[in-house]
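Indexing begins at 1, ligand by ligand and atom by atom, following the structure's order.
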Amino acid sequence: METSERHPVTCRCAACARPDRPADTRPHVVIVGAGFGGLTAARALGGADVRVTLVDRRNHHLFQPLLYQVATAGLSPSQIATPVRMIVRKQTNTEVLLAEVTGIDTAARRVVMGDLRLPYDFLILSTGARSSYFGHEEWERAAPGLKTLEDATGHRARILLNLERAELEPDPEEQARLLTFVVIGGGPTGVEMAGAIAELTHRALSRDFRRIDPASARIVLVEGGPRLLSSFDEDLAGRAAASLARLGVEIVTGTPVGGIDAEGVRLGQTRIASRCVIWAAGVASTPAGAWVGCPTDRGGRALVEPDLSVPGRPEIFILGDCAHVPGEDGRPLPGLAPVAKQQGAHAAACILARIAGSAAPMPFRYRNFGTMATIGRKSAIADLGRIRLSGLAGWLLWSLLHIYFLIGFRNRVAVSIDWLWSYLTFERGARLITGPIEAPPGPPEAARARRPLRAAS
Ligand SMILES: Cc1cc2nc3c(=O)[nH]c(=O)nc-3n(C[C@H](O)[C@H](O)[C@H](O)COP(=O)(O)OP(=O)(O)OC[C@H]3O[C@@H](n4cnc5c(N)ncnc54)[C@H](O)[C@@H]3O)c2cc1C
């Protein structure tokens with residue numbers, strides 16, 4: 001690694017070999033992003049004769065599929081996130097850097113991290129996606145997305161604080177607004193969030209308040225398209241919608257959102273008054289493609305070669321949620337963890353083949369083992385090709401697979417115990433509100449208007 005003036009002591013590149021440390025001449029593979037794609041690539045390169053540097057702006061690998069459980073007080077943040085250093089500590093050829101990448105100098109083969117430069121021989125970019133508001137970035141403030149642990153704990157605080165505020169609120173109209181939760185986006189994340197909020201309010205918290213009845217909370221799931229879970233078979237998606245309705249979730253389809261602010265959501269001519277709107281509708285790529293001058297699609301995903309390398313830059317690979325790779329049907333592969341993981345393994349294999357001078361592996365082919373979505377405590381749908389499951393059978397399979405794919409034995413045991421406990425008791429153990437309680441997110445004037453909390457008479 002180097003700054004504009006000198007290389008710091010952590011650098012082991014041949015250019016800055018020090019007398020007390022032999023130069024490391026092994027090919028240097030830099031991986032940006034320790035998510036599903038980047039981490040899989042790093043692990044695949046673990047025993048190889050290369051030097052690996054894994055760079056991430058977070059110190060943890062995040063198991064995003066269970067973020068909604070943190071957001072709804074089912075699990076604690078540490079149960080779905082594992083320090084990256086801990087994961088690769090046995091890989092002696094791998095170094096971890098906590099830094100934000102801001103660009104790539106492709107001509108000099110350097111990763112740019114502010115004023116630091118990190119040389120590479122091969123580069124893997126797997127920086128994932130971010131929430132997209134379809135050109136209405138102003139909605140983000142009133143309707144945050146769900147991508148990071150901070151997002152999840154922010155949602156958890158908002159949901160729990162709204163209930164606390166409703167308990168103190170004398171005005172019935174404002175109380176109803178505080179007890180209305182709107183989730184935008186009828187894909188798996190929206191369905192999971194809506195189901196989990198319904199279970200939290202209608203079941204887990206139903207006996208904990210004295211002035212309000214959390215079971216009266218209104219949960220509305222809004223989908224602009226004609227039906228929920230458009231990536232699933234129609235029959236399975238219908239079963240998921242029926243499960244949600246049984247949990248008390250109102251489903252609104254075919255109505256795109258017209259506006260979102262601190263007072264609620266506008267849908268066509270209708271307005272839903274709510275103090276808690278959650279965005280689960282759109283994603284766009286992080287700028288990995290733009291960093292290296294790779295053509296991108298409308299969502300910013302890099303249009304990579306069939307082997308995942310960047311056109312004209314065979315030493316750079318882009319994968320996961322920030323790559324546009326056509327599947328067998330010609331449509332881009334979905335943003336799913338198994339896609340990113342298989343691509344991470346493929347990019348690592350391509351790099352090792354190039355170093356060995358052997359024929360490059362075949363173009364990347366995705367092996368689809370199925371898709372799943374959960375709707376609540378004991379209901380999920382699973383589309384495994386010829387086998388389709390729903391209800392309790394789907395949920396059992398969903399639970400087993402998510403525990404299996406979690407990183408770390410401790411997390412697997414802790415999550416299993418928590419799930420068993422909440423299955424038997426409906427309890428949610430992670431109902432903590434941290435941070436300031438006075439100013440909810442939203443425009444400052446709206447926050448001021450709601451402060452201080454008034455005691456109900
Ligand atoms: C709420 C939610 C639920 C999901 N549920 C499922 C599910 O049930 N099943 C499923 O298969 N998939 C699910 N997904 C999708 C799945 O998580 C993604 O497809 C997968 O994480 C993509 O892997 P990736 O490696 O491309 O990116 P990520 O796993 O997102 O990793 C990107 C990494 O890059 C790092 N990074 C980003 N920018 C920079 C930078 N500038 N500098 C340094 N580091 C950077 C990030 O910190 C992160 O660690 C879900 C996603 C979300 C958000």
- [ ] Please say which of F405, Y68, F36 ends up in a ring pair (Phe, Tyr, Trp, His ring centres under 6.0 Å) with F63.
- [x]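 Exactly one option meets the ring pair (Phe, Tyr, Trp, His ring centres under 6.0 Å) with F63, and it is F36.
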Open item on the list: According to side chain to side chain contact (heavy atoms under 4.5 Å, CB included), who are the partners of A44, at least two apart in sequence or on a separate chain?
Closed with: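 Side chain to side chain contact (heavy atoms under 4.5 Å, CB included) check on A44 returns A348.
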Task: Qualifying ring-ring contact (aromatic ring centres under 6.0 Å, His included) pairs with a residue from residues 305-347, counting only residues at least two apart or across chains - done: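 Only H346-F364 qualify under ring-ring contact (aromatic ring centres under 6.0 Å, His included).
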- [ ] Output every pair passing ring-ring contact (aromatic ring centres under 6.0 Å, His included) with a member in residues 129-154, not counting sequence neighbours, ordered by first then second residue.
- [x]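 For residues 129-154: Y133-W279, F134-W279, H136-W139, W139-W279.
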Between ligand 1 and the protein, which N/O pairs fall short of 3.5 Å?
from, atom 1, to, atom 2, distance (Å)
ligand 1, 11 (O), A337, N, 2.9
ligand 1, 12 (N), A337, N, 3.3
ligand 1, 17 (O), Q64, OE1, 2.7
ligand 1, 19 (O), D321, OD1, 2.9
ligand 1, 19 (O), D321, OD2, 3.3
ligand 1, 19 (O), G335, O, 3.2
ligand 1, 19 (O), L336, N, 3.2
ligand 1, 21 (O), Q64, OE1, 3.2
ligand 1, 25 (O), F36, N, 3.4
ligand 1, 25 (O), G37, N, 2.8
ligand 1, 25 (O), S126, OG, 2.9
ligand 1, 26 (O), D321, N, 2.9
ligand 1, 29 (O), F36, N, 3.2
ligand 1, 30 (O), Q64, NE2, 3.1
ligand 1, 41 (N), V101, O, 3.0
ligand 1, 42 (N), V101, N, 2.9
ligand 1, 44 (N), R57, N, 3.1
ligand 1, 47 (O), D56, OD1, 2.6
ligand 1, 49 (O), D56, OD1, 3.4
ligand 1, 49 (O), D56, OD2, 2.6

Open item on the list: Between the side chains of R109 and D105, is the shortest nitrogen-to-carboxylate-oxygen separation below 4.0 Å, so that they form an ion pair?
Closed with: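 No, D105 and R109 are not salt-bridged.
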Open item on the list: My understanding is that only one of T82, L149, I407 makes a side-chain contact (heavy atoms from CB on, under 4.5 Å) with H60; could you say which?
Closed with: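 Answer to the side-chain contact (heavy atoms from CB on, under 4.5 Å) test with H60 among T82, L149, I407: L149.
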